[in-house]
Amino acid sequence: MAASTSNVEDIKLRLEEHLANLGFEIHPLKVGWYNAVLPPSLRLGHRDDRLAVLVLSTPAMFEEAFLPFVEDADCQSLSDPVDQCVRHCVSSAVARCFAGTEVEVSYDYELLPSRKPRFLAQTAAHVCGAAFYYQQADVREQPWGHKKMFGVCVHPRFGGWFAIRALLVFGGVTVDSEMLQPDPPDCVPSREGRIQLLEAFNLHWQDWSYRDVVPPVQVYSQRQKDYFSTRPAQRVALLRTWGFLSRGSQAAASCTEGVC
Ligand code: B12
């Protein structure tokens, strides 16, 4: 199937119809925009003119999608409940909107056999214009010597109160050359602001302060903060104290610090 830019808008609207009211945002991009900034080992194995779509979760996802999901779930072995919820929402939307179409879905927590992430979420967010990715190299005269500072994306409306969840690649959809690449809004233009942002993200991300680097239109609820501040192994127990999940449910495995 060949897609013009108007088909791109149609694909976006169809996904939004299923995912926007669950607290997700949809951002189309061209595979080539992503591949252009990465070395061959990290590029997507699709042609540069193929359509991709990035899915973000906003603060509303927790109340609109996650809590109803755990309420209904018959979870005997919850690995990571949020990851499971996102997978359920995204895969159902794809199945409903694009039955019979080739769509490859990658999630932020999935690794390749090489142990590299299946996609670099922050790079994808930057190149599709969703959220500026502030990297160490974006700071002039760095004050950190040789210390490695991880980069962080800032969303123009949610600051740091969001997560990057999934990348969909439409293997059979060609985007025409008229699709314009949007620049992500540079919400933290000053050197001092960027230093403060990277230090907050790297040195004390647990205090949430990096997320308020720009005034957000919405932040995580107290319940969502309590959930993500709880160690992954204890989260199922927390959900149970809130009255979600049956008594039999238990965490099968807990992965990383998983605070998105
Ligand atoms: C591994 C990982 C970690 C590791 C290592 C971090 C790292 N950045 O390497 C650890 C465990 C430390 C970690 C911690 C955290 N993480 Co983490 N992590 C990831 C994960 C799974 C992969 C990141 C990765 O390996 N990147 C590989 C490196 C090499 O990529 P890179 O540094 O960006 O380099 C590339 C770019 O520079 C690009 N490039 C080159 N030139 C150019 C030019 C342009 C313009 C662009 C755009 C790109 C580009 O090329 C390079 C590769 O060759 C991502 C999810 C994902 N799938 O991406 C989440 C992710 C980065 N983590 C996230 C978060 C929130 C956290 C934590 C706050 C809490 C948590 N979830 O546990 C902490 C905070 C960091 C800290 N202080 O420790 C969020 C960040 C959201 C945001 N706003 O940016 C992500 C995106 C997860 C998500 N679902 O949203 N994390």
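- Residues Phe62 and Tyr220 have side chains not in contact (no heavy-atom distance under 4.5 Å, counting atoms from C-beta outward).
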Handout entry: Criterion ring pair (Phe, Tyr, Trp, His ring centres under 6.0 Å) on Tyr227 and Phe66, from CA distance to verdict
Key = CA-CA 11 Å; Tyr227 180 83; Phe66 180 63; 5.2 Å; yes

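- To the nearest 0.5 Å, atom CG of residue Leu168 and atom CG of residue Leu54 are 9.0 Å apart.
- No donor-acceptor pair under 3.5 Å is formed between the side chain of Asn35 and the backbone N or O of Arg43.
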Exercise for the section: Using the side chain to side chain contact (heavy atoms under 4.5 Å, CB included) rule, take Val154 and Arg211 through it: C-alpha gap first, then chi angles, then the decisive distance, then the call. Expected result: CA-CA 8 Å; Val154 177; Arg211 301 186 190 248; over 6 Å; no

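- Annotation: side chain of Ile11 is in contact with side chain of Phe98 (closest heavy-atom distance under 4.5 Å).
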Exercise for the section: Any chance you could lay out the side chain to side chain contact (heavy atoms under 4.5 Å, CB included) test for Cys89 and Leu19, step after step, and finish with the verdict? Expected result: CA-CA 7 Å; Cys89 295; Leu19 291 172; 4.1 Å; yes

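- Of the N and O atoms on the side chains of Trp144 and Gln136, not one donor lies less than 3.5 Å from an acceptor on the other residue.
- A heavy-atom distance below 4.5 Å is not found between the side chains of Ser57 and Phe162.
- Summarising the geometry of Ala65 relative to Phe24, their closest heavy-atom pair is CB-CE1, 4.3 Å, with the distance given to 0.1 Å.
- For the pair Glu25 (side chain) and Val55 (backbone), a donor-acceptor distance under 3.5 Å is absent.
- Within the 3.5 Å criterion, the main-chain N or O of Glu141 finds a donor-acceptor partner in the side chain of Arg191.
- Nearest heavy-atom pair, Val236 versus Pro81, reported as atom, atom and distance to 0.1 Å: CG2-CG, 4.2 Å.
- Hydrophobic clustering, with ILVMFWY side chains joined whenever heavy atoms are under 4.5 angstrom apart, groups Ile26 together with Leu44.
- No more than 12 heavy-atom neighbours from other residues, nucleotides or ligands sit within 6.0 angstrom of CD on Glu178.
- The distance from the CD atom of Gln206 to the CZ atom of Phe228 is 14.5 Å, given to the nearest 0.5 Å.
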Practice task
Assess whether salt bridge (charged side-chain N to carboxylate O under 4.0 Å, His left out) is satisfied between Arg194 and Asp186, documenting all intermediate values.
Solution key: CA-CA 11 Å; Arg194 290 177 181 188; Asp186 181 0; 2.9 Å; yes

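- In this structure, the side chain of Ser106 does not engage the main chain of Phe119 through any donor-acceptor pair within 3.5 Å.
- Leu112 and Leu38 fall into different hydrophobic clusters, where Ile, Leu, Val, Met, Phe, Trp and Tyr residues are linked whenever their side-chain heavy atoms come under 4.5 Å apart, directly or through other members.
- Here the side chain of Asp138 pairs a donor or acceptor atom with the backbone of Gln135 at under 3.5 angstrom.
- Interatomic distance, Arg140 CZ to Ile195 CD1, rounded to the nearest 0.5 Å: 8.5 Å.
- Hydrophobic clustering of Ile, Leu, Val, Met, Phe, Trp and Tyr side chains at less than 4.5 Å, counting indirect connections, keeps Leu203 apart from Val188.
- Summarising the geometry, atom CG belonging to Leu51 is positioned 9.5 Å from atom CG belonging to Asn7; distances are rounded to the nearest 0.5 Å.
- One hydrophobic cluster holds both Val173 and Val169 under the rule that ILVMFWY side chains link at heavy-atom gaps under 4.5 Å.
- No side-chain donor-acceptor contact under 3.5 Å links Arg165 and Tyr109.
- A distance-only check finds no donor-acceptor pair linking the side chain of Arg50 to the backbone of Lys30 [under 3.5 Å].
- Atom CZ of Arg96 is surrounded by 12 or fewer heavy atoms from other residues, nucleotides or ligands within 6.0 Å.
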Exercise for the section: Would you check, one step at a time, whether the test side chain to side chain contact (heavy atoms under 4.5 Å, CB included) holds for Val94 with Val103? Expected result: CA-CA 8 Å; Val94 168; Val103 188; 3.9 Å; yes

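- Under the 4.5 Å side-chain contact rule for hydrophobic residues, Val37 and Leu29 share a cluster.
- Across all non-hydrogen atoms, the minimal contact from Val175 to Met179 is CG1-SD, 3.1 Å.
- Donor-acceptor pairing under 3.5 Å is recorded for the side chains of Ser221 and Glu63.
- Glu102 is not listed as a side-chain neighbour of Phe170, based on a closest heavy-atom distance of 4.5 Å or more.
- Between His155 and Arg157, the closest heavy-atom pair is ND1-N, 2.9 Å.
- Remark: the Gln84 side chain and the Asp80 side chain contain no N/O donor-acceptor pair separated by less than 3.5 Å.
- Using a 30° and 60° split on the angle between ring planes, His88 and Phe69 fall in the tilted class, from 30° to 60°.
- The heavy-atom pair separating Ser41 from Lys116 by the smallest distance is OG-CE, 4.2 Å.
- In this structure, Val152 and Leu197 have side chains that are in contact, with non-hydrogen atoms separated by less than 4.5 Å.
- Using cut-offs of 30° and 60° for the angle between ring planes, the Phe132 and His126 rings count as perpendicular.
- Contact between His18 and Cys97 at its shortest, heavy atoms only, is ND1-SG, 3.3 Å.
- Of the inter-residue distances, the one linking Gln196 atom CD with Ser209 atom OG reads 8.5 Å to the nearest 0.5 angstrom.
- Residues Trp208 and Trp161 meet the side-chain proximity criterion, which asks for heavy atoms closer than 4.5 Å.
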Exercise for the section: List the steps, then state whether side chain to side chain contact (heavy atoms under 4.5 Å, CB included) holds for His27 with Leu56. Expected result: CA-CA 8 Å; His27 295 269; Leu56 311 182; 3.8 Å; yes

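- How far CZ of Arg231 is from CG of Leu238: 14.0 Å, rounded to the nearest 0.5 Å.
- Taking 4.0 Å as the cut-off between side-chain N and carboxylate O, Arg87 and Asp83 do not count as a salt-bridged pair.
- Contact of the Tyr107 side chain with the Leu167 side chain is not registered, since no non-hydrogen atoms from C-beta on lie closer than 4.5 Å.
- In this structure, the side chains of Glu104 and Arg118 come closer than 4.5 Å at one or more pairs of heavy atoms.
- In terms of modelled atom types and a separation under 3.5 Å, the side chain of Tyr34 and the main chain of Leu120 share a donor-acceptor contact.
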